[in-house]
Amino acid sequence: MGKKLTDKVSWVGKTDWELMKFHGDEYSTHRGSSYNSYLVRDQKTVLIDTVWQPYDKEFVARLRRDIDLRQIDYIIMNHSEVDHSGALPELMREIPDTPIYCTANGAKIMKGHYHQEWNFVPVKTGDSLELGESNLVFVEAPMLHWPDSMMTYMTGENILFSNDAFGQHFATESLYNDAVDEAELFAEALKYYANILTPFSSFVTKKIREILALNLPVDMICTSHGVIWKENPAQIIEQYLKWADNYQENQITLVYDTMWNSTRKMAEAIAAGIGQADPSITVKLMNAAKEDKNDIITEVFRSKAILAGSSTINNGLLFSMGGILEMMKGMKFKNKKAAAFGSYGWSGESVKQLTKALEEGGFKIVDDGCRMMWVPDEEGLSSCIEYGKRFVESL
Ligand code: FEO
C-alpha cells in the first residue's frame, strides 16, 4: 500500500535496501536507495514518476491495490532515466492511452528507450494541469541532471516534486528528513551532489534562483530518491546554493596509488608537512585502488586543494589513478588547486602525467610536484615533509 503524505498525495515508490551499485558500477550506494513515485488524488488522479524496471511488476501490483489503474487520468514523468521510467512499459500495457506529461526532450528520450508511441504531452515551464482543487505547474530543469529533467509544483498542497534534485541514495522506512539519522542523510546528500550534480552547478544556481523568485510556498520537497524534505525544506535548497558555489572546506586530500609503498610513504610525509604547516587543515589520504571511487570524488569536492600521487609503471600511471582522474575531469571542479607526487625507478613519467591530467581536469597547478627515486630514505621523507609545507604556503 502507498504511504499517505497529505489528504491528496501518497508515496507509492519502492525502497531498495539492497542496492549497492547504481548507474551500473558508476555510483556506490552504501545505504541503498529508493525510487519515489507519488499518487495524487484530487478530482483528477495523477501518477508522478514510476520506479526502476526490476520492480515494475511489484510496483504496478501494489498500485493496483491502491487504485483502479484506469482511474489514473495523467502520468507525469519529471525525468526519463530508467530508474524513474522503468516501470512505464508494465504500466502502459494496462492503460495504454493515458497521457504522459513530460518535456519535449523527455518524450524523445523515452521513445529512444522504449520505442513506443505512447500519448506524450510535451510541457514547458509555466504550463499547468488543473486537477480540481489543486493544480500542477511544470518547471523545466534542463541538465539537472539530464536535458529532459523537470520539476512539478502542486498548488494547495505546496509540494515541489523535484525529481533527482535534492535527492540522496538513502533507503529509509520513515520517508521524512526529520525521522532519519541526520549525519547519514547529509553525508548521502553531499555525496549525491558531489558525484551527480557538480558538473551542472551553474544550472543549479540559476534554476534555484528562478524558483525562489516565484515566491512559492513550499511545505515539502518530494524528491525521487531518499527522504522527503518536510522539516525545514529550505535547508536543502540553501545547502545546494552553497554546494553549487565552488564549494570547498579547509581540507586537502591526497589521492594516490602505490606499488611497493614508496608513493604511500611520500603521501604520509607530505601529509605530515601539511599538518605541521597548518594544523587547522583537515588532511585525508585515499588510496585510489582501495577506496570507493565515489567517496574519493566526495572528498575532492570538499577540498580546497588535492595532491595526486602515483608510482611510474610502463612509462605511465597506475591504473586506479587513470580512472579516478578521468572521473575528476568529468566533474569539472572549479576553484581548486593541485599538484602531483610519485616514486619511480628509472623513467619517472608519472608526476608529469598526473600534473597534465589535473590541469585538464580544471585544477590550478601550483608547482611541478614532488618526485622520489626508488624508496625514500630519511632525507627523502624530510624533503616530502618540506614539500607538504611549501604546498600549503602556495595555496
Ligand atoms: Fe534518478 Fe537521473 O535518475
Side-chain angles (χ1 to χ4, degrees), residues 22-23 26-27 36 48-49 76-85 101-110 112 122-128 136-153 159-169 186 188-216 218 221-226 229 233-248 294 297-298 300-303 326-336 360-363:
F22 185 74
H23 282 167
E26 197 265 337
Y27 190 113
N36 297 338
I48 300 181
D49 295 328
I76 312 293
M77 289 305 305
N78 279 327
H79 179 28
S80 48
E81 195 164 5
V82 293
D83 48 326
H84 309 296
S85 66
Y101 288 71
C102 58
T103 62
N105 275 327
K108 274 189 215 159
I109 294 170
M110 281 183 273
V123 294
K124 292 195 164 104
T125 294
D127 290 351
S128 64
L136 294 179
V137 183
F138 304 110
V139 182
E140 291 170 279
M143 301 321 294
L144 294 184
H145 65 126
W146 271 22
D148 67 307
S149 300
M150 74 168 185
M151 303 186 193
T152 299
Y153 178 78
I159 295 175
L160 181 66
F161 296 95
S162 64
N163 197 261
D164 282 337
F166 312 122
Q168 336 82 46
H169 288 300
F186 274 89
E188 291 301 335
L190 172 66
K191 176 179 174 179
Y192 189 95
Y193 189 96
N195 282 272
I196 295 180
L197 288 160
T198 301
F200 312 113
S201 285
S202 61
F203 296 95
V204 171
T205 307
K206 203 166 154 238
K207 186 52 59 180
I208 289 180
R209 298 219 178 281
E210 183 188 314
I211 293 171
L212 290 177
L214 298 173
N215 253 329
L216 300 168
V218 176
I221 298 177
C222 288
T223 65
S224 61
H225 299 289
W229 297 93
Q235 65 182 305
I236 191 63
I237 298 175
E238 286 157 17
Q239 196 60 61
Y240 261 47
L241 286 172
K242 286 183 199 162
W243 287 337
D245 187 19
N246 295 331
Y247 183 77
Q248 54 177 241
N294 303 105
I297 293 295
T298 306
V300 172
F301 176 79
R302 298 173 72 180
S303 299
E326 185 63 20
M327 277 185 83
M328 285 187 209
K329 187 176 167 187
M331 292 299 128
K332 300 183 173 69
F333 288 119
K334 292 194 174 64
N335 199 31
K336 295 190 192 295
E360 287 171 0
F363 292 86

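Worth knowing before you read on, the calculation uses all heavy atoms, side chains too, and leaves out hydrogens, waters and symmetry mates. Nothing fancy with the numbering, it's 1 onward along the sequence. Keep in mind that what you see is a predicted model, and the values were worked out from it rather than measured.
K108 pairs by the side-chain contact (heavy atoms from CB on, under 4.5 Å) definition with N105, not counting sequence neighbours. For T103, the side-chain hydrogen bond (donor to acceptor under 3.5 Å, both in side chains) criterion is met by no residue, not counting sequence neighbours. Evaluation of the salt bridge (Lys or Arg N to Asp or Glu O under 4.0 Å) rule for E360 yields K356 as partners, not counting sequence neighbours. By the ring-ring contact (aromatic ring centres under 6.0 Å, His included) test, F161 is found to be paired with Y38, residues two or more places apart in sequence or in another chain being considered. Considering only residues two or more places apart in sequence or on other chains, K336 meets the salt bridge (Lys or Arg N to Asp or Glu O under 4.0 Å) condition with none of them. For the side-chain hydrogen bond (donor to acceptor under 3.5 Å, both in side chains) test, no residue two or more places apart in sequence or in another chain qualifies with T198. Scored by the side-chain contact (heavy atoms from CB on, under 4.5 Å) test, A107 finds C102, F120 as partners (sequence neighbours excluded). With sequence neighbours left out, N163 forms a side-chain hydrogen bond (donor to acceptor under 3.5 Å, both in side chains) with D49. In this structure, D245 has no side-chain contact (heavy atoms from CB on, under 4.5 Å) partners at least two apart in sequence or on a different chain. With sequence neighbours excluded, no residue forms a side-chain hydrogen bond (donor to acceptor under 3.5 Å, both in side chains) with Y240. E210 is linked by a salt bridge (Lys or Arg N to Asp or Glu O under 4.0 Å) to K207, counting only residues two or more places apart in sequence or in another chain. Looking at residues two or more places apart in sequence or on another chain, you find no ring-ring contact (aromatic ring centres under 6.0 Å, His included) involving F203.
Here the OG atom belonging to S162 is positioned 8.5 Å from the CG atom belonging to N78, to the nearest 0.5 angstrom. Separation of atoms OH (Y153) and CD1 (I211) is listed at 11.0 Å; rounding is to 0.5 Å. Atom CD1 of residue I159 and atom CE of residue M151 lie 15.0 Å apart, to the nearest 0.5 angstrom. Note: E238 CD to L212 CG = 9.0 Å, rounded to the nearest 0.5 Å.
Of the listed residues (H84, Q168, E188), just one forms a side-chain contact (heavy atoms from CB on, under 4.5 Å) with H225, and that residue is H84.
Between the side chain of S149 and the backbone N or O of L144 there is at least one donor-acceptor pair closer than 3.5 Å. Judged by distance alone, the side chain of N195 and the main-chain N or O of N294 form a donor-acceptor pair under 3.5 Å. Judged by distance alone, with hydrogens and angles left aside, the side-chain atoms of E140 form no donor-acceptor pair with the main-chain N or O of K124 at under 3.5 Å.
Taking the six-membered ring for Trp and the full ring otherwise, the centers of Y193 and F301 sit less than 6.0 Å from each other. Taking the centre of each ring, W243 and F166 stay at or above the 6.0 Å mark.
Ring planes of Y192 and H169: tilted class, angle from 30 to 60°.
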As a quick check of understanding, evaluate side chain to side chain donor-acceptor pair (under 3.5 Å) for H23 and E81, giving each step before the final call. CA-CA 10 Å; H23 282 167; E81 195 164 5; 3.0 Å; yes
